[in-house]
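One structure below.
In this text the structure is predicted, and so the values were computed from the model without any measurement.
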Amino acid sequence: MNFQQLRAVREATRNEFNLTEVANVLYTSQPGISRQIRELEDELGIDIFVRAGKRLTGLTPPGEAILPIVDRLLLESD
């Protein structure tokens, strides 16, 4: 787990799950954002986001539970 993955999760929720917008905000590529999110989910062993095909459509219950933790970690790191 790294801060870039956590930022990707936070920005995905802030930008209504639009990964292109997330990539623009974080100055990176959309495939990179997708990879970071998938790697974090694999590492944690949970799905953070609900998907419709390749699109993110919302947060899963575990995703809703970890979002405040992600926010706190990023706030404390700043």
Rounded to the nearest 0.5 angstrom, the OG-CZ distance for Ser77 and Arg72 is 12.0 Å

query = Hey, are the side chains of Ile37 and Leu19 touching, using non-hydrogen atoms and a 4.5 Å cut-off?
reply = yes

Residues pairing under salt bridge (charged side-chain N to carboxylate O under 4.0 Å, His left out) where one sits in residues 16-35, two or more places apart or in two chains, turn out to be Arg35-Glu39

Value for OG1 (Thr57) from CZ (Arg55), rounded to nearest 0.5 Å, stands at 10.0 Å

Check: Do Asp47 and Arg38 meet the salt-bridge criterion of a basic N to acidic O distance under 4.0 Å?
Finding: yes

- prompt: Sub-3.5 Å donor-acceptor pair from the side chain of Gln5 to the main-chain atoms of Asn2, do we have one?
  reply: yes

Heavy atoms of Phe49 and Leu56 approach each other most closely as CB-CD2, 3.6 Å

Residues at least two apart in sequence or cross-chain that pass salt bridge (charged side-chain N to carboxylate O under 4.0 Å, His left out) with Arg51, listed by chain then number, are Glu41

Taking Asn15 for its side chain and Asn18 for its backbone only, find out whether a donor-acceptor pair lies under 3.5 Å. no

*asked:* Side chains of Leu40 and Leu6, heavy atoms from C-beta outward: is any pair under 4.5 Å?
replied: yes

Give the cluster check for Leu59 versus Val50: same hydrophobic cluster or not, with ILVMFWY residues linked at side-chain heavy-atom distances below 4.5 Å. no

For Ala23 and Gln30 the tightest heavy-atom approach is CB-N, 3.5 Å

When every non-hydrogen atom of Leu74 is compared with those of Phe3, the smallest separation belongs to CD2-CD2, 3.7 Å

Test side chain to side chain contact (heavy atoms under 4.5 Å, CB included), reference Ile33, set Thr28, Thr20, Val25, output is Thr28

Quick check: is Ile69 connected to Leu67 through a chain of hydrophobic side chains (ILVMFWY, heavy atoms under 4.5 Å apart)?
yes

Under a 3.5 Å threshold, yes or no: a donor from one side chain and an acceptor from the other, between Thr60 and Glu64?
no

* So, do Gln4 and Leu26 sit near enough that their side-chain heavy atoms are less than 4.5 Å apart? -> yes

